[in-house]
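None of these values were measured; they are calculated from a predicted model. All ligand and atom numbering here is 1-based and tracks the order in the structure.
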Amino acid sequence: MGVPEIEDAALLFVFGYNGADSHPIVARRIVRAKEKGAKIICVDPRIIETARIADIHLQLKGGTNLLLVNALANTIIEEGLCDDAFIQEHSTGFDEFKATIKKYTPESVEKQTQIPAEEIRKAARMYATSGRSMILYGMGVCQFGQAVDVVKGLANLAIMTGNLGRPSTGIGPVRGQNNVQGACDMGALPNVFPGYQSVADPAIREKFEKAWGVKLSGDVGITLTVVPHHVLHEKDPAKQIHAYYIMGEDPVQSDPDASEVRESLEKCDFVVLQDIFMNKTAQFADVILPATGWCEHDGVYSCCDRGFQKIRKIIEPVGDVKTDWEIISLISTAMGYPMKYTNTKEIWKEVISLCPGFAGATDEKIEKLGSVQWPCRDPSDSDTGTVYLHKGGKFANPDGKAKFFGTDWRPPMEMENKDFPLTLCTVREVGHYSVRTMTGNCRTLRNLEDEPGWVQISPRDAESLGITHGEIVRISNSRGSVLTRANVTDRVKKGAVYMTYQWWVGACNELTLGNLDPISKTPEYKYCACKVERLKDQKAAWDEVKRQYEELKTQMLIEKKEAAA
Ligand SMILES: Nc1nc2c(c(=O)[nH]1)N[C@H]1C(S)=C(S)[C@@H](COP(=O)(O)OP(=O)(O)OC[C@H]3O[C@@H](n4cnc5c(=O)[nH]c(N)nc54)[C@H](O)[C@@H]3O)O[C@H]1N2
Ligand SMILES: Nc1nc2c(c(=O)[nH]1)N[C@H]1C(S)=C(S)[C@@H](COP(=O)(O)OP(=O)(O)OC[C@H]3O[C@@H](n4cnc5c(=O)[nH]c(N)nc54)[C@H](O)[C@@H]3O)O[C@H]1N2
Ligand SMILES: [Mo]
């Protein structure tokens, strides 16, 4: 699907995705769809903005996604709302799937999901019968130990109702950052070269070996989230990590279980950080390579809808910096493999020459059309790219069919307990971005919202803990303990608290745990146990917050830079 198609859906099924805070521009399309008459179903444990304009808000208990998704599928089958012709012609595995989800009646999941069975039925009917239902999902799906199964579960809903391969239908992973899709497109995944070409395929390896004049390994690499394990606990010397080259990432702030991340960085023999600002990880770096920011260089981004778009240099870089591609080229050359690009157009030309799915997305075409969505295989003007996938019910599996996957629900790994009675879920807020180097270096944004961040807590939990709105509280569990402010709000349910991962002092990743989905290796950022405590001496608490913040600002050179400006 393309982002503009959102407006023309007859129904939007927004699942674990908070567009208003995370992608305000996409969120406007959701509002526009509503204005055009679309129905909206919102599945989120919090009363987010989408919930306020939704026809149905399924305010489930966090961590119960697959129970709900399976119950929706169960209802669609039981009530005879399937698109039988589509299932027959375009899919495999339906009978097995049916057998797996038979036990997931709406009644059977009522208690755990905290959603009345009748609400689940209503939502299932609405989704199955709208004619053009589109699913948008986000981190409320992906950041669990069981994530890929839920994505497949959402795909099951689309396949069984024939909501695929037509405009304004389908399943939209509204991907995180402006270029997270591009990182994957360019092969920043452990198992593929650029263009999703498998490293395990000898013919593909041979193609890249010829083009680059090197010998390439067919071994699948590792993901970011298992690096600490490979540094700290790996017994096989061939798999141990001793040096870590980190580019555009701040693992100390953004990876789960920060104390383990720090331990692993300390143990690494050599750490390189290539970034545009000092960040928390910079403290552990042996070498820092300063790069240019997005206004200071040319490039191509891929939008979450697979659209290639150009970014352009509009100002001269300030200071002793180089573009990321120049730094990589220089390092490579120094290491004995000369890279001699003179501009990004040359790099792009090489990309499309090696990736059949991108071959038609020439620089000129992207320039002319503004956005070209892959697959785009033909360089001629007639191929303007692919707005939505699976047209005519054709799928990428060898048999051309979609496959149903029925899976059973697994609870999150660390459930609330006697010592840590609340669940912590970590999310985003609109005013600050990811590890906050970019927005935290901006005084205007800091004036709007600053350290130590907030923890959203329900009025009932706050009352029983004796906490009032705006007070500094301590939030802790077996892994760590941080200070933040209490945001007492009835947008969250009793028993669950929410922090955003933007804050350096109120750093929620001191508490999160590295329970990874077995396939995607994404951590369970959305669920762990914690406790929240009232602090009697508020002045001492604020002094401590200020002390920690000043220390971090000094490390990140923020005051120094501003004093100089
Ligand atoms: N302002 C701002 N914008 C950003 C970012 C930022 O840091 N700041 N980060 C960017 C990045 S990297 C990304 S990946 C995107 C992510 O954007 P989103 O996908 O919107 O991410 P989150 O806010 O983490 O989570 C979405 C929702 O999942 C809900 N949720 C929690 N648990 C569950 C559950 O068990 N089931 C369901 N169904 N929902 C649940 C949360 O309440 C939350 O509202 O945002 C991007 N945009
Ligand atoms: N608890 C919790 N933790 C989370 C999440 C959550 O929901 N909860 N979300 C996770 C998600 S979805 C994501 S995507 C990650 C994001 O986490 P990160 O990728 O670590 O965070 P970012 O802020 O996107 O940027 C990382 C670094 O890139 C630098 N940078 C920016 N532009 C450039 C550039 O052009 N070149 C170079 N070399 N560097 C640049 C920034 O200064 C910053 O230091 O966090 C994850 N961590
Ligand atoms: Mo992300």
Undergrad: Backbone, side chain, both or neither: what part of Lys526 comes under 4.0 angstrom of ligand 1, heavy atoms only?
TA: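 Just the side chain.
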Undergrad: Can you report which non-hydrogen protein atom sits closest to atom 24 (O) of ligand 1, along with the distance?
TA: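 Checked against all protein heavy atoms, atom 24 (O) of ligand 1 sits closest to Arg428 NH1, 2.7 Å.
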Undergrad: Please determine if Gly176 has a nitrogen or oxygen closer than 3.5 Å to a nitrogen or oxygen of ligand 1.
TA: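 In this structure, Gly176 places no N or O atom under 3.5 Å from an N or O of ligand 1.
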Undergrad: Could you say whether the N/O atoms of Gln177 and ligand 2 ever approach to under 3.5 Å?
TA: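 N/O-N/O distance under 3.5 Å: yes.
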Undergrad: Could you check whether the rings of Phe144 and Tyr527 sit parallel, tilted or perpendicular, using 30° and 60° as the cut-offs?
TA: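 Taking Tyr527 first and then Phe144, their aromatic rings sit tilted (interplane angle of 30° to 60°).
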Undergrad: If you take the centroid of each ring, where Trp contributes its six-membered ring, are Trp294 and Tyr301 closer together than 6.0 Å?
TA: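 Between Tyr301 and Trp294, the centre distance exceeds or equals 6.0 Å.
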Undergrad: Mind checking whether Val430 has an N or O less than 3.5 Å away from an N or O of ligand 1?
TA: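 Yes, there is a polar N/O contact under 3.5 Å.
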Undergrad: Ignoring hydrogens, just give me the one of Val180, Asn65, Val435 whose non-hydrogen atom is nearest atom 37 (C) of ligand 1.
TA: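 The nearest heavy atom belongs to Asn65.
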Undergrad: What distance separates Arg52 CZ from His57 NE2, expressed to the nearest 0.5 Å?
TA: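 If I round to the nearest 0.5 Å, the distance is 12.0 Å.
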Undergrad: Where does Glu429 meet ligand 1, judged by heavy-atom distances below 4.0 Å: at the side chain, the backbone, both, or neither?
TA: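 Just the backbone.
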Undergrad: Pick one of side chain, backbone, both or neither for how Tyr525 approaches ligand 1, counting any non-hydrogen atom pair under 4.0 Å.
TA: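 The answer is neither.
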Undergrad: With heavy atoms under 4.0 Å as the rule, classify the contact between Asn509 and ligand 2 as side chain, backbone, both or neither.
TA: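 Asn509 to ligand 2: side-chain contact only, backbone stays beyond 4.0 Å.
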Undergrad: Nearest protein heavy-atom contact for atom 15 (C) of ligand 2: which residue, which atom, what distance?
TA: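 The closest one turns out to be Tyr501 OH, 3.8 Å.
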Undergrad: What is the nearest protein non-hydrogen atom to atom 8 (N) of ligand 2, stated with its residue, atom name and distance?
TA: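 Residue, atom and distance for the closest contact: Thr426 OG1, 2.9 Å.
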Undergrad: Judging by distance only, is a nitrogen or oxygen of Tyr498 under 3.5 angstrom from one on ligand 1?
TA: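 No, there is no polar N/O contact under 3.5 Å.
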Undergrad: Heavy atoms only, cut-off 4.0 Å: how does Thr500 contact ligand 1, side chain, backbone, both, or neither?
TA: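 Neither part.
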Undergrad: Going by an N to O cut-off under 4.0 Å, is there a salt bridge joining Lys553 and Glu451?
TA: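 Salt bridge between Lys553 and Glu451, a charged N being under 4.0 Å from a carboxylate O: no.
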Undergrad: State whether Arg125 and Glu118 are salt-bridged, where the test is any N-O pair (Lys NZ or Arg NE/NH1/NH2 against Asp/Glu carboxylate O) under 4.0 Å.
TA: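 Answer for the salt bridge query: yes.
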Undergrad: List every atom of ligand 2 that sits less than 4.0 Å from any heavy atom of Thr292, numbering the atoms from 1 in the order shown and giving each element.
TA: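 Numbered from 1, ligand 2 contributes 34 (C), 35 (O).
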Undergrad: With a cut-off of 6.0 Å (strictly less than), are more than 12 heavy atoms of other residues, nucleotides or ligands near NZ of Lys61?
TA: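 Yes, NZ of Lys61 has more than 12 neighbouring heavy atoms, counting only those of other groups under 6.0 Å.
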Undergrad: How does Ile48 reach ligand 1, if at all, at less than 4.0 Å between non-hydrogen atoms: by side chain, backbone, both, or neither?
TA: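 Looking at Ile48 and ligand 1, just side chain atoms fall under 4.0 Å.
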Undergrad: Going by atom types alone, do Gln274 and Asp324 pair a side-chain donor with an acceptor below 3.5 Å?
TA: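 The criterion, which ignores hydrogens and geometry beyond distance, is satisfied for Asp324 and Gln274.
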Undergrad: Taking 4.0 angstrom as the limit and counting only heavy atoms of Glu249, give me the atoms of ligand 2 inside it, by number and element.
TA: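 With Glu249 as reference, the close atoms of ligand 2 come out as 17 (O), 18 (P), 19 (O), 20 (O), 26 (C), 27 (C), 28 (O).
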Undergrad: Does some non-hydrogen atom of Cys508 fall short of 4.0 Å from ligand 2?
TA: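 Heavy atoms of Cys508 do come under 4.0 Å of ligand 2.
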Undergrad: Regarding ligand 1, does Arg175 bring an N or O atom to under 3.5 Å of one of the ligand's N or O atoms?
TA: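 The answer is no, given that Arg175 and ligand 1 share no N or O pair closer than 3.5 Å.
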Undergrad: Measure from atom 30 (N) of ligand 1 to every heavy atom in Cys304, Pro45, Gly63, Ser434 and give the option owning the shortest one.
TA: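 It is Pro45 that holds the nearest heavy atom.
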Undergrad: So does Lys494 pair up with Glu416, basic N to acidic O under 4.0 Å?
TA: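 Here Lys494 does not pair with Glu416 in a salt bridge, since their nearest N and O are not under 4.0 Å apart.
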Undergrad: Among protein heavy atoms, which sits nearest to atom 31 (C) of ligand 1, and what does the distance come to when rounded to 0.1 Å?
TA: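 Closest protein heavy atom to atom 31 (C) of ligand 1: Cys425 SG, 3.5 Å.
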Undergrad: Using a strict cut-off of 4.0 Å, indicate which atoms of ligand 2 neighbour a heavy atom of Asn279.
TA: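 Answer for ligand 2: 44 (O).
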